[in-house]
Amino acid sequence: MAQRRPPVIGITCQHEAGDHGDRWYVNAPYIRAVAAAGGVPVLIPPAWDPELLGAALERVDGLVLTGGVDVDPARYGQEPHPQLGRVDPEWDDLDVTVARLALARDVPVLGICRGMQVLNVAAGGTLYQDIPSQVPGALAHQQSAPREEASHGVAVQDGSRLHGVLAAAHLAVNSFHHQAVLAVAPGFQATAHAPDGIIEGIEGVAHRFALGVQWHPEHLTGRDPAHFRLFAALVAAAGQPVRALPP
Ligand code: MN
């Protein structure tokens, strides 16, 4: 019997343009987590052409949308808040285009931190631009502790896809975001929350696998196996045929 080929998991590149040049790269923990879950990690840089990006998406079985800077509020029809952080239109173009393609083609997708926000914006939702000023009484969502440490709790909705994947109703997560989901996109629902009400997980209702988490599970895989299960579930979904053939 032929061995099944391991699923190819595209990981969207992160962007840095400054004194050190213009580079598209990916932080290693994303790559390690995908590979540890049995996926073939491939990096998705911009192609500056939606058709070329579409061709890239045809060659991947699943997708990770990575973390990064703020999403430009123009993407969801808002004016910039005074506390808006750095935005990067070229990076938004890459991420929003890839997210829309993945959702339209039902490619399994895991959005992480900015990646979850991108998923929500790409599907028509909105964001808080600055949690501290827009959500009175919010917890500190930008922890000073190392990335491998958890800083706040998350409650996962019973019966949700996320609950099934994590196999946990409560978990401790790290937190490195000053933005958060405000209006959940049509076709998505919020399925994990911090104790202050901030949305920490979303999922597409009709998609095969479209999950977003506001924390960084790729840094917590050594702390709690629940975080690794996000990557394992993505790779498992990516390994499934898009349509089951009739018997
Ligand atoms: Mn948080």
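Along the sequence shown, the residues carry numbers beginning at 1. When a ligand or atom number is given, it counts from 1 through the structure's own listing order.
With a cut-off of 2.8 Å, the protein N/O/S atoms near the Mn ion (ligand 1) add up to 5.
In this structure, CD in E200 is found 9.5 Å from CG in L171, a value given to the nearest 0.5 Å. Distance check: R32 CZ to N27 CG gives 11.5 Å after rounding to the nearest 0.5 Å.
Looking at residues two or more places apart in sequence or on another chain, you find a ring-ring contact (aromatic ring centres under 6.0 Å, His included) between H141 and H152, H177.
With Q143 contributing its side chain and E149 its backbone, the two residues share a donor-acceptor pair below 3.5 Å.
Ring planes of H15 and W24: parallel class, angle under 30° (limits at 30 and 60°).
The side-chain hydrogen bond (donor to acceptor under 3.5 Å, both in side chains) test with D70 is passed by exactly one of H178, Q117, Q129: H178.
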